[in-house]
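The model shown is predicted, which means the values in this text are computed figures rather than measured ones. Convention: sequence-line order gives letters A, B, ...; per-chain numbering from 1.
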2 protein chains.
Amino acid sequence: MSWRKDQGRAERGYHHGNLKEALLQAALDLISKKGPAGFTFADAARMAGVSPAAPYRHFRDRDELIASIAQRGFEQFESLLTQAWDDGRPDTVTAFERVGKAYLAFAREEPAFYSAMFESGLPPDANPTLMAASERAFAIIRAAAERLAALAPPGMPRPPAMMMALHIWSMSHGVASLFGRGDAARRKLPMSPEDLLEAEVLIYLRGLGFRTDQRPGTATADDKPAGEKAGPWGKPK
Amino acid sequence: MSWRKDQGRAERGYHHGNLKEALLQAALDLISKKGPAGFTFADAARMAGVSPAAPYRHFRDRDELIASIAQRGFEQFESLLTQAWDDGRPDTVTAFERVGKAYLAFAREEPAFYSAMFESGLPPDANPTLMAASERAFAIIRAAAERLAALAPPGMPRPPAMMMALHIWSMSHGVASLFGRGDAARRKLPMSPEDLLEAEVLIYLRGLGFRTDQRPGTATADDKPAGEKAGPWGKPK
DNA sequence: GGCTCATGTAAAAGCCGTTCACATGAGCTG
DNA sequence: CAGCTCATGTGAACGGCTTTTACATGAGCC
């Protein structure tokens with residue numbers, strides 16, 4: 001094994017060498033275990049093997065650490081969404097749904113990031129760079145909505161892309177925050193959050209005139225809503 | 001003026017006489033000012049004019065106070081939703097939208113309740129009576145969805161009412177929690193949260209086959225989606 | 001080799017949550 | 001009304017957290 005500055009205590013001189021990173025990592029652990037409210041600056045310091053005052057060399061205060069985590073969270077989030085969107089391949093609707101799934105997956109698999117980003121109660125205006133990171137993540141959803149809106153069936157009023165993006169975001173965030181996290185699932189559900197969100201988005205898209213019952217090719221106009229086929233919630237028995 | 005046990009200190013013997021109520025009230029004030037995380041047991045005691053130990057005669061600990069507030073919140077919420085639903089008068093769709101508006105209004109006007117209910121990070125299973133209150137509130141939405149589902153246009157698969165209810169809830173919560181609170185509005189919006197949610201729900205309902213462009217009478221089947229009329233987001237200029 | 005400055009420590013102040021022994025007095029009992 | 005009791009409030013104390021300040025250390029540069 002080739003460790004040198006591993007966790008806990010082990011071998012370490014007066015200087016840690018990588019404290020900032022260690023603190024962020026520790027904070028992530030703690031937040032995912034006890035939520036952003038239960039997380040403690042002193043605990044993170046302890047976990048990194050330094051005195052309670054040491055973190056102040058790297059973060060103005062506890063809030064700034066949380067903001068840093070939120071910032072990283074938005075960056076990872078953006079990259080995940082970008083990847084899921086994959087510039088709309090193989091077709092716009094499929095890619096769009098993949099983005100929704102990625103949203104939930106992130107909330108589920110990175111609960112610490114997610115709560116730092118959305119449930120930490122930080123004043124959003126206080127931190128311009130954080131705000132910017134959040135905007136960049138949202139921009140992915142917005143770009144996807146833009147492409148989708150362009151495909152809206154002719155003969156219908158074209159939905160504003162920004163509004164669509166906000167709708168999708170609110171659905172995703174709503175599902176994630178009410179039912180999303182696996183470990184401390186807030187409520188019993190008759191279906192998985194993923195399925196719930198997928199159905200929600202499909203119904204919504206159908207409300208905009210998209211045909212969503214068939215996937216091959218690009219989405220096209222649809223003058224009859226889904227006919228006799230099963231709805232997006234599965235077979236009605 | 002006829003005060004006797006008013007706030008602050010003023011005239012008061014050894015016993016407060018109404019401490020539990022005073023604490024709940026103080027907590028509401030503080031939570032709405034500084035969020036459920038910033039709220040402090042000692043602060044509430046101070047505001048009620050008692051020693052920091054006094055609250056423990058009425059609440060096992062800080063969490064129980066917050067849970068009490070959440071409980072009351074759910075009760076008020078339930079009553080508000082019931083009133084808004086008004087048993088589906090004058091017609092199901094109108095009443096349904098009124099419920100959505102009531103949801104947002106509650107989040108906006110009672111931010112303290114709302115955060116205690118949804119953002120306090122309390123383990124939901126820890127408190128059965130709290131859980132029950134929350135279920136009762138959700139039951140209103142569910143009942144409304146049930147009625148709406150019964151009106152689903154024939155010839156289309158009937159959407160499960162429970163799923164509809166969950167969808168509506170997630171939309172409402174998503175909008176409320178991302179854009180809802182007026183005082184510390186989290187993000188800039190091109191429209192009001194109310195309009196945003198209304199459009200979202202209308203599009204969703206249309207996706208289920210409801211005609212939503214006209215209100216008079218009860219919702220009926222619709223074999224053509226909204227024709228050339230303006231969408232739920234207003235005139236497309 | 002010696003300087004400097006980023007990085008860490010120790011100690012302390014002030015706050016909070018929580019507990020415990022004790023004080024008070026409201027309301028019942030007779 | 002006297003006296004008892006018990007719910008309710010107090011004061012003091014413990015441990016933990018955040019944050020500040022003065023001081024220590026040693027990595028990197030000349």
Side-chain angles (χ1 to χ4, degrees), chain A residues 4-27 29-31 33-69 116 120-123 126, chain B residues 4-27 29-31 33-69 116 120-123 126:
Chain A
R4 274 204 32 195
K5 257 135 188 178
D6 276 355
Q7 81 297 17
R9 259 325 300 248
E11 220 56 53
R12 207 209 79 209
Y14 195 88
H15 290 88
H16 183 288
N18 203 14
L19 185 53
K20 186 161 189 170
E21 209 51 43
L23 287 172
L24 287 167
Q25 199 52 53
D29 276 22
L30 292 170
I31 291 179
K33 266 186 225 135
K34 317 192 289 185
F39 153 75
T40 253
F41 220 32
D43 246 341
R46 211 168 300 135
M47 191 164 303
V50 296
S51 81
Y56 290 84
R57 295 294 175 197
H58 301 277
F59 304 96
R60 193 169 5 76
D61 56 20
R62 185 176 170 284
D63 279 359
E64 194 181 280
L65 203 181
I66 296 185
S68 284
I69 290 192
S120 59
L122 297 183
Chain B
R4 274 204 33 196
K5 259 140 185 175
D6 276 353
Q7 80 298 14
R9 262 320 305 249
E11 220 54 55
R12 208 210 77 206
Y14 194 87
H15 289 88
H16 183 288
N18 203 15
L19 184 54
K20 186 161 188 168
E21 209 51 42
L23 287 172
L24 287 167
Q25 199 51 54
D29 276 22
L30 292 170
I31 291 178
K33 265 185 227 137
K34 316 193 289 184
F39 153 74
T40 254
F41 221 30
D43 247 341
R46 211 168 300 135
M47 191 163 302
V50 295
S51 80
Y56 290 86
R57 295 295 175 195
H58 301 276
F59 304 95
R60 193 170 1 78
D61 56 19
R62 185 175 169 283
D63 279 359
E64 194 181 278
L65 203 180
I66 296 185
S68 284
I69 290 192
S120 59
L122 298 182

Contacts under 3.5 angstrom, residues 60-67 of chain A side chains, donor-acceptor by atom type, not counting sequence neighbours:
unit_1	atom_1	unit_2	atom_2	d
A/Arg60	NH2	A/Glu64	OE1	2.9
A/Asp61	OD1	A/Asp63	N	3.2
A/Asp61	OD1	A/Glu64	N	3.0
A/Arg62	NE	A/Phe39	O	3.3
A/Arg62	NH2	A/Pro36	O	3.1
A/Arg62	NH2	A/Phe39	O	2.9
A/Glu64	OE2	A/Arg60	N	3.3

pair B/Leu19-B/Arg57: side-chain heavy atoms closer than 4.5 Å: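 Sidechains of B/Arg57 and B/Leu19: no contact.
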Heavy-atom side-chain contact between A/Leu30 and A/Met47 under 4.5 Å: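 Touching, per the 4.5 Å side-chain cut-off.
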Letter per nucleotide, 5' to 3', of nucleotides 17-26 of chain C [B base touched, S only sugar-phosphate touched, - untouched; heavy atoms, 4.0 Å]: SBB-BBBBS-
Terminal axes of the helix from C/dG1-D/dC30 to C/dG30-D/dC1 (five pairs each): angle between them, nearest 10 degrees: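 Taking the rotation axis at each end, their angle is 10°.
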Nearest-0.5 Å distance that lies between atom CG in A/Asn18 and atom CG in A/Leu23: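 A/Asn18 CG to A/Leu23 CG: 9.5 Å, rounded to 0.5 Å.
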Phosphate OP1/OP2 of C/dA6 contacted by A/His58 side-chain N/O (<4.0 Å):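 Indeed not, no polar side-chain atom of A/His58 lies that close.
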Length of the line joining [X]:[atom1] and [N]:[atom2], which is rounded to integer Å:
{"X": "A/Ile66", "N": "D/dC17", "atom1": "CD1", "atom2": "P", "value": "15 Å"}
{"X": "A/Leu30", "N": "D/dC17", "atom1": "CG", "atom2": "P", "value": "11 Å"}
{"X": "A/Lys20", "N": "C/dG8", "atom1": "NZ", "atom2": "P", "value": "12 Å"}
{"X": "A/Lys34", "N": "D/dC17", "atom1": "NZ", "atom2": "C1'", "value": "11 Å"}
{"X": "A/Leu19", "N": "C/dG8", "atom1": "CG", "atom2": "P", "value": "5 Å"}

Contacts of B/Ala53 that satisfy side-chain contact (heavy atoms from CB on, under 4.5 Å) - sequence neighbours left out: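 Residues passing side-chain contact (heavy atoms from CB on, under 4.5 Å) with B/Ala53: B/Ser51.
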Residues which pass side chain to side chain donor-acceptor pair (under 3.5 Å) with B/Gln25, listed by chain and number, not counting sequence neighbours: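 Residues passing side chain to side chain donor-acceptor pair (under 3.5 Å) with B/Gln25: none at all.
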Residues which pass side chain to side chain donor-acceptor pair (under 3.5 Å) with B/Lys34, listed by chain and number, not counting sequence neighbours: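 Applying side chain to side chain donor-acceptor pair (under 3.5 Å) to B/Lys34 gives B/Asp43.
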